[in-house]
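The chains referred to below are lettered A, B, ... by the order of the sequence lines, with proteins before strands, and numbering in each begins at 1.
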Protein chains: 2
Amino acid sequence: MMKMEIGVLVVDDNQMMRRGLRGSLDIEPDLRVIGEAANGEEALALVRQHKPDVITMDYQMPGDNGVVVTEKILEEFPAAKIILLSIFDSEEDVWNAVRAGVRGYLTKKSGDVKELLEAVRSVAAGGTYYPASIAGKLEERRKQPDLTKREMEILTLLADGNTNKEMARILDISDMTVKLHLANLREKLGAVDRTQAVVLAYKKGILHIEE
Amino acid sequence: MMKMEIGVLVVDDNQMMRRGLRGSLDIEPDLRVIGEAANGEEALALVRQHKPDVITMDYQMPGDNGVVVTEKILEEFPAAKIILLSIFDSEEDVWNAVRAGVRGYLTKKSGDVKELLEAVRSVAAGGTYYPASIAGKLEERRKQPDLTKREMEILTLLADGNTNKEMARILDISDMTVKLHLANLREKLGAVDRTQAVVLAYKKGILHIEE
DNA sequence: TTGGTACCTACCCGTTTGGGTAGGTTATTG
DNA sequence: CAATAACCTACCCAAACGGGTAGGTACCAA
């Protein structure tokens, strides 16, 4: 009555990573990699074709990232079981993935194959899988209020080295209002000043280092 | 007279990455992976034992990072040919690796196997290998002056949300001096204010996001 | 010995920031 | 309909920051 094999779809743009994942999974007697996708479109096509039991999904990919692809897959196949794999594990990253509906989140840093296998089996059986460190970040994030759209704009402008007056001009609002948003955003992030605000925003994964 | 096979040592703490690398290299007729190491000690031991023609070295590892391990290997075997593989490719990261004496630097983001093979063969033949994006960052970094020890201390304290007065107290110097270092450091980083200074420090890889 | 670099201090002065307090409109949702 | 959240503006005031200028010491290398 139990299905003998767990069919896994590997989604990762990194060719070497795909090779490593396939090797680690295929060697297990109860697991079988039924396909590899390097991006969102390929992933969706293979999901439609093979209905995999579990999908391992990379976060960073050209085009749609793993969270967006997850949303698209779940929209069409609400029962799909997706485990997100990422080099990054900031509070915000984990939060976004969980909100999108993933069943597990693993960090690539460790590269721990045992952990991966546990996650795949647990999720295939209908459970979820979050290592302690990830679960902690999720809990931490849950306690924090979201930044509003305006606060995000201010935060971005702040990181670009704008003064309050400049931000006011850019957003076409009073610099009094900028001060207000800034105060709220410092409060939400737990920062003592504007400089620490951007630092904490980076650490929490709200802002990203892209040049 | 030419050596038929290029012996490669793979150094990476990530088990899946090692698997992917080995698979990608071993499949080539002219390449042979003669060992895998998960950290600096293992790497050094295998280098002594096998004298590999080329070493692919991960940046992020528990214990000594890839640059430190590179230095240790080159101290003992100055002719060793090392290619650094990293997820990160900030100006500072590339700069540190090149200063340590690597012959090539590849980013793991692409996971481009062709590029890896080209790099290994080029380096084995006595050449170097830097993709255009990496070479550009190296050139960029070369033009910039180093931060002094004091400036680094100020930068770190700055990112922690300290005011000038607090930094002065912590470093036991005048807040006038803090202002001076801060001005120099803004100048070197090309930042308009203290907030942008830490942002640029992150982007350049001088500061790191660790919680 | 001279030059360069890192490091330190001080003054003046205008601008920017942050804290507090007190109001308002609009849109959404129970 | 009332409550809530997001958004906006204004005032006062003290503290912090940034720009300019003008010095000093210590050390290392040419």
Side-chain angles (χ1 to χ4, degrees), chain A residues 92 95-96 99 141-204 206-207, chain B residues 92 95-96 99 141-204 206-207:
Chain A
E92 204 67 17
W95 180 249
N96 286 333
R99 272 198 313 188
R141 177 59 180 79
R142 198 193 307 280
K143 286 183 290 193
Q144 289 169 7
D146 293 341
L147 295 188
T148 69
K149 202 188 291 185
R150 264 303 198 227
E151 285 161 0
M152 274 303 303
E153 291 178 307
I154 300 275
L155 184 56
T156 308
L157 291 171
L158 191 57
D160 284 335
N162 293 104
T163 65
N164 291 356
K165 211 171 291 182
E166 289 166 340
M167 294 191 259
R169 193 179 44 70
I170 293 169
L171 297 177
D172 198 32
I173 55 179
S174 156
D175 50 341
M176 294 301 145
T177 311
V178 172
K179 278 184 59 174
L180 175 73
H181 289 309
L182 207 40
N184 292 338
L185 122 70
R186 277 203 313 274
E187 162 84 39
K188 287 184 183 175
L189 293 176
V192 295
D193 62 15
R194 53 174 50 212
T195 301
Q196 202 188 19
V198 310
V199 171
L200 293 178
Y202 281 127
K203 296 202 170 169
K204 291 169 187 284
I206 298 171
L207 285 180
Chain B
E92 204 66 18
W95 180 250
N96 286 333
R99 273 198 312 186
R141 176 59 179 81
R142 198 192 307 279
K143 286 183 288 194
Q144 290 168 8
D146 293 341
L147 295 188
T148 68
K149 202 189 291 185
R150 262 308 197 227
E151 285 161 359
M152 274 303 303
E153 291 177 307
I154 299 274
L155 183 56
T156 308
L157 291 170
L158 191 57
D160 285 335
N162 293 103
T163 65
N164 291 356
K165 210 172 290 182
E166 288 166 340
M167 294 190 259
R169 195 179 42 71
I170 292 169
L171 298 176
D172 198 31
I173 55 179
S174 155
D175 50 339
M176 294 302 144
T177 311
V178 172
K179 278 184 59 173
L180 175 71
H181 289 309
L182 209 38
N184 292 338
L185 132 69
R186 277 202 313 272
E187 163 84 39
K188 287 184 182 176
L189 293 175
V192 295
D193 62 15
R194 53 174 51 213
T195 301
Q196 202 188 20
V198 310
V199 171
L200 293 178
Y202 281 127
K203 296 201 171 168
K204 290 169 187 285
I206 299 172
L207 285 180

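Distance alone, capped at 3.5 Å, is enough to place a donor-acceptor pair between the Gln196(B) side chain and the Val192(B) backbone. Within the 3.5 Å criterion, the main-chain N or O of Thr195(B) finds a donor-acceptor partner in the side chain of Asp193(B). With Asn162(B) contributing its side chain and Leu158(B) its backbone, the two residues share no donor-acceptor pair below 3.5 Å.
Atoms NZ and OG1, from Lys165(A) and Thr163(A) in turn, are 7.0 Å apart once rounded to the nearest 0.5 Å. With rounding to the nearest 0.5 Å, the separation of CD1 in Ile170(A) from CE in Met167(A) is 8.5 Å. Taking OG1 of Thr148(B) as the start and CE of Met152(B) as the end, the distance is 9.5 Å to the nearest 0.5 Å. The structure places NZ of Lys143(B) at 12.5 Å from CZ of Arg141(B), a figure rounded to the nearest 0.5 Å. Note that the CD atom of Glu92(B) and the OH atom of Tyr202(B) stand 14.5 Å from one another [nearest 0.5 Å]. One distance of note links CG of Leu185(A) with CZ of Arg150(A); it measures 13.0 Å at 0.5 Å rounding.
Closest non-hydrogen pair, Glu166(B) versus Gly161(B), comes out as OE1-O, 4.0 Å.
Protein atom CD of Glu187(A) is 16 Å distant from nucleotide atom C1' of dA6(D), rounded to whole Å. Protein atom CG of Leu147(B) is 15 Å distant from nucleotide atom C1' of dC7(C), rounded to whole Å.
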Protein N or O to nucleotides 4-6 of chain C N or O, pairs below 3.5 Å:
none

Kindly give the atom pairs (protein nitrogen or oxygen, nucleotide nitrogen or oxygen) under 3.5 Å for nucleotides 27-30 of chain C.
none

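Asn164(B) and Arg194(B) form a side-chain donor-acceptor contact under 3.5 Å, judged by distance and modelled atom types alone.
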Quick tally for nucleotides 9-25 of chain C: nucleotides whose base has a protein heavy atom under 4.0 Å get B, sugar-phosphate-only ones S, the rest -, giving BBB----SSBB------

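Of the residues in residues 151-158 of chain B, not one comes within less than 4.0 Å of DNA chain D through any heavy atom.
Each side chain to side chain donor-acceptor pair (under 3.5 Å) pair with one or both residues in residues 170-184 of chain A, not counting sequence neighbours, would appear here, but there are none.
Legend: residues meeting side chain to side chain contact (heavy atoms under 4.5 Å, CB included) with Lys204(A), ordered by chain and number and at least two apart, are Glu91(A), Gln144(A), Leu189(A), Leu200(A), Ile206(A).
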